[in-house]
*Asks:* 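This is the structure, below, for whatever I ask next.
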Amino acid sequence: MSEKLVLIDGHSILNRAYHGLPDLTNSEGLHTNAVYGFLNIMFKILDEEKPDYLTVAFDVHAPTFRHRMFDAYKGTRKPMDEELRQQVPMIKEMLTAMGIKIVEKEGYEADDILGTLSVRAEKAGMDVAIISGDRDLLQLATDHVMVRIPKTKKTGTEIENYNTADVIEKYGVTPKEFIDVKALQGDTSDNIPGVPGIGEKTAGALIAKYHCIEAVHEDAENVKPPRASKNIVEYWEQALMSKELATIILDAPVDYEFSDAKLSGGVESLYTEEAFLLCKRYEFKNMLSRFNVEAPKNNAEEHFVVVRDLKTAESVFEKAKDREVAFAVVPGESLENSESDGQLSLFSEPVSNDYLAVSICFSEEDIYFICTGDEISSSFLDEKLNTLEVKSWISPDLKTNLHRFKSKEIKADDRGRYFDMMVAAYLINPLVGEYPYDAVAKDYLGLMLSSKKDYLGKLDFTQMMKEDEKKAVDCACYEVYTAWKSKPVLLQKLKEMNMLTLYRDIELPLVFVLYDMENEGIRADGIKLKEYGDKLAVSITELEKKIYEAAGEEFNINSPKQLGVILFEKLGLPNEKKTKTGYSTAADVLEKLAPEYPIVADILEYRQLTKLKSTYADGLSGYIASDGKIHTTLNQTITATGRLSSTEPNLQNIPIRIELGKLIRKVFLPEEGDLFVDSDYSQIELRVLAALSGDERMIEAFKNGQDIHRSTASLVFDTPFDEVTDLQRRNAKAVNFGIVYGISAFGLSNDLGISRKEAQGYIDSYFVKYPKIKEFLDQTVLDAKKNGYTKTMFGRIRPIPELNSSNFMQRQFGERVAMNSPIQGTAADIIKIAMIRVHDRLLDEGLKSRLILQVHDELLIETKEAEKDKVIKLLEKEMRGAVDMKVSMEVGTECGYDWYDAH
DNA sequence: TAAGTCACG
DNA sequence: ACGTACGTGACTTAG
């Protein structure tokens with residue numbers, strides 16, 4: 001077999017990569033997308049080709065002779081983006097680190113070098129692959145020289161391959177004739193003028209017939225179309241010059257020995273330590289795994305120890321005593337009965353909640369993967385984690401790990417001995433939403449680790465143990481190692497940012513409260529849910545019929561695309577708004593049409609009912625566990641503002657505003673014999689705003705227990721309090737909302753259906769009456785611009801990078817966020833404090849009632865009948881007393897035997 | 001997987 | 001001139 005040379009068109013591939021990928025930057029702020037994409041393409045090619053020789057050619061930056069000739073009369077080429085320019089030396093450094101031969105030659109383009117080398121290689125009997133994004137290189141294709149053009153697609157990189165036959169098939173001309181096609185057609189990006197009036201089609205057809213421009217010129221009088229016939233003569237000089245420009249030089253005087261480009265150790269020889277360090281610096285995580293063979297390991301990895309025998313396990317736990325211990329339960333099937341064959345496992349469903357192992361770390365050298373098996377049972381591990389006396393427990397994700405214990409009860413006094421890496425990292429930067437160990441290791445330890453996905457892919461720990469045990473072990477060990485090592489760094493950072501108290505007194509205790517709430521769950525009646533769904537189904541079918549009739553055909557009403565066509569094209573309804581992809585069929589658009597067009601009203605109702613059925617009736621039923629309850633997950637590290645979120649299912653968006661939807665709350669029940677007590681804060685955000693701003697008028701209104709929207713209306717519209725009309729109140733309410741959201745005249749006008757001028761009038765008037773609110777909002781934005789973040793009353797920060805955006809709209813958004821987040825965030829702080837106090841008091845006082853749900857300004861308690869009065873008192877007291885401000889916190893409480901009645 | 005829609009605070 | 005209200009999550013369609 002002949003030897004193989006891979007030639008890469010450096011700038012072309014770098015350019016492709018740069019434009020094909022989003023702007024990636026590492027933590028130093030270096031732009032890395034082009035380098036990353038280049039390496040990906042190169043590795044893909046190398047994996048396929050397994051070449052003996054490899055060379056990358058670059059243009060020297062000074063303009064070449066050929067281009068100067070033309071640039072002189074047609075202006076210069078566009079300058080390279082700064083972000084791309086920076087990456088040219090970076091890729092060269094990377095290639096050098098990999099020992100890859102780089103060729104550049106003053107006065108010659110990369111094309112010429114590639115052409116020259118491909119000819120030399122072919123003569124030496126080699127096969128050549130030329131990698132470029134540029135079709136001009138197709139002229140170099142022969143039977144032994146394949147031109148390969150990578151295309152970045154959604155599904156990954158696909159490569160088009162061209163030997164002589166492929167060029168002929170696709171373009172109808174030979175590779176050499178391709179030069180002549182270009183001479184006629186021209187190429188603006190390469191500054192080749194070509195012949196005016198001859199485009200892609202004509203050029204291809206002419207050369208297919210005549211094979212070269214000279215023949216076309218000679219037979220000019222017979223050339224069609226007439227425009228081409230005329231211009232080929234008139235612009236003959238230009239055509240000749242174009243041909244010269246388009247011709248790649250095949251005999252450039254390049255100093256080059258194949259031996260310099262030899263990959264003596266195969267592709268593996270590229271994975272050098274230097275290159276590894278560069279990949280690490282640029283944070284190319286996925287690429288690091290390629291270096292497995294020769295890569296220097298993190299020191300930690302040498303200390304990962306798999307423990308399978310009881311004696312060693314005991315000694316490890318003994319050694320961990322009284323130390324700071326990071327732990328994580330590795331979820332999966334316990335391996336303790338692994339010798340039994342399928343028979344038994346049929347019997348006992350695989351329990352995803354069981355222990356596969358426990359990973360623990362308590363020093364730089366003590367990192368263990370204690371695995372279930374013949375000697376070690378999951379109950380042994382559970383027992384150890386529950387009884388071991390340690391100085392502190394460190395967890396990468398505390399709540400999740402608490403759930404993985406078979407049994408765990410933690411007294412409020414012990415909470416301080418725990419550390420939650422995820423929650424700490426969230427407080428420091430709440431914008432990310434995800435805090436896996438590899439991200440924390442990068443941000444706070446400067447360690448580039450493979451992610452869980454890198455290690456496990458789509459497999460779970462149990463599967464990976466069978467497939468490749470080391471990967472499962474490394475993943476689990478790195479997680480606890482990161483948690484252990486990052487604790488002091490994160491705490492220091494929290495201290496520097498004045499968030500230690502927030503962490504210790506609010507967020508950390510809250511972890512345990514949320515854990516208990518998730519375990520409690522809320523009872524849901526599956527039968528009632530089914531009945532509710534069936535009832536909806538009947539109405540939906542009826543509406544469907546009516547809609548199809550009115551439309552004159554059946555279509556998918558749920559498809560905005562199809563619906564848009566029916567409404568605005570077939571039925572010719574007036575269309576106002578459009579989205580990127582077509583007509584907007586959003587509710588606010590349809591509502592305007594509904595009074596006049598019955599079909600639109602039906603569609604709106606259909607939407608409502610199908611939403612209720614799919615998301616709530618059908619959706620929720622899948623979440624009722626074997627105990628008859630729904631156990632939502634309350635996420636503590638998702639929102640930018642400090643609120644909680646609820647998933648699988650989301651119990652924070654159960655319908656209430658519309659009666660039909662509200663009925664679904666009748667399926668949410670307390671346990672047999674109990675009742676619900678439900679309290680919500682009244683106007684918590686406006687009260688927070690009043691307190692933060694210190695605006696006397698608004699504080700006074702709250703002190704007097706006035707209806708705040710009416711009071712605002714009275715001020716803004718200069719009307720005596722008792723004479724405020726419903727419309728005035730409604731408008732004032734919208735303004736109050738707008739203020740909390742970060743006011744803008746446009747938003748308000750949209751919401752109220754008034755002109756922007758009018759809306760601006762409301763806002764101006766509002767600020768005249770509440771001057772301190774204006775002052776406060778202005779100051780908040782100023783501070784946010786100065787600091788880069790906002791702060792809540794309890795010190796929670798929210799960074800707002802948008803404030804520095806060069807984009808006006810982004811900056812405007814940043815300002816609204818700056819106004820909103822201290823308000824929303826402080827409200828979130830307050831209810832979190834209330835939750836902890838309420839939860840703990842229920843326990844301390846030996847009550848059997850339990851906090852089970854939080855909906856931003858509302859707490860729901862499942863209450864024993866006998867404890868009802870106590871609970872109401874306790875709940876209201878702790879919610880009111882959670883914060884002490886110039887404005888008191890008021891709450892409203894309701895009781896009931898289902899959630900419908902209790903709210 | 002993204003976009004559109006809509007449920008909640 | 002730009003073109004939006006703040007914060008979430010689930011479901012559906014369609015590429």
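By convention in this document, chain letters (A, B, ...) are assigned in the order of the sequence lines, proteins followed by strands, and residues within each chain are numbered from 1. Predicted model, so just to flag it, every value in this text is computed and none were measured.
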*Asks:* Is a salt bridge present between E894(A) and R665(A), judged by a nitrogen-to-oxygen distance below 4.0 Å?
*Replies:*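 R665(A) and E894(A): not salt-bridged.
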*Asks:* With a distance cut-off below 6.0 Å to the six-membered ring centre and an angular limit of 45° from the axis, does K577(A) pair with Y583(A) as a cation-pi contact?
*Replies:* no
*Asks:* Is R816(A) close enough to dT4(C) that one of its side-chain N or O atoms is under 4.0 Å from OP1 or OP2 there?
*Replies:*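 No.
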*Asks:* In Watson-Crick or G-U wobble terms, both distances under 3.5 Å, what is the partner of dC2(C)?
*Replies:*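 None - no nucleotide pairs with dC2(C), as no candidate has both distances under 3.5 Å.
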*Asks:* Strictly below 4.0 Å: does N556(A) bring a side-chain N or O up to OP1 or OP2 of dT13(C)?
*Replies:* yes
*Asks:* Does S821(A) reach the main-chain N or O of V817(A) with its side chain, forming a donor-acceptor pair under 3.5 Å?
*Replies:* yes
*Asks:* Is the phosphate of dG4(B) approached by T581(A) (side-chain N or O, under 4.0 Å from OP1 or OP2)?
*Replies:*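 Yes, within the criterion.
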*Asks:* For a quick test of reading the model: is some side-chain N or O of R798(A) closer than 4.0 Å to OP1 or OP2 of dG7(C)?
*Replies:*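 Yes, within the criterion.
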*Asks:* Among dT4(C), dG4(B), dA7(B), find the nucleotide with the atom closest to the side chain of P655(A).
*Replies:* dA7(B)
*Asks:* Closest to the K611(A) side chain: dA14(C), dT8(C), dC6(B)?
*Replies:* dC6(B)
*Asks:* State whether the distance check finds a donor on one side and an acceptor on the other, under 3.5 Å, for side chain S744(A) versus base dT4(C).
*Replies:*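 Answer yes: a donor N or O sits under 3.5 Å from an acceptor.
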*Asks:* Indicate, with a heavy-atom threshold strictly under 4.0 Å, whether G738(A) touches base, sugar-phosphate, or nothing.
*Replies:* base
*Asks:* Ring centroid separation for Y766(A) and Y770(A), is it under 6.0 angstrom?
*Replies:*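 Yes; Y770(A) has its ring centre under 6.0 Å from that of Y766(A).
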*Asks:* Which nucleotide, if any, forms a Watson-Crick or G-U wobble pair with dT12(C), using both distances under 3.5 Å?
*Replies:*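 Paired with dA3(B).
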*Asks:* Picking from dC6(C), dG3(C), dG9(C), which would you name as closest to the side chain of Q824(A)?
*Replies:*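 From the listed options, dC6(C) comes nearest.
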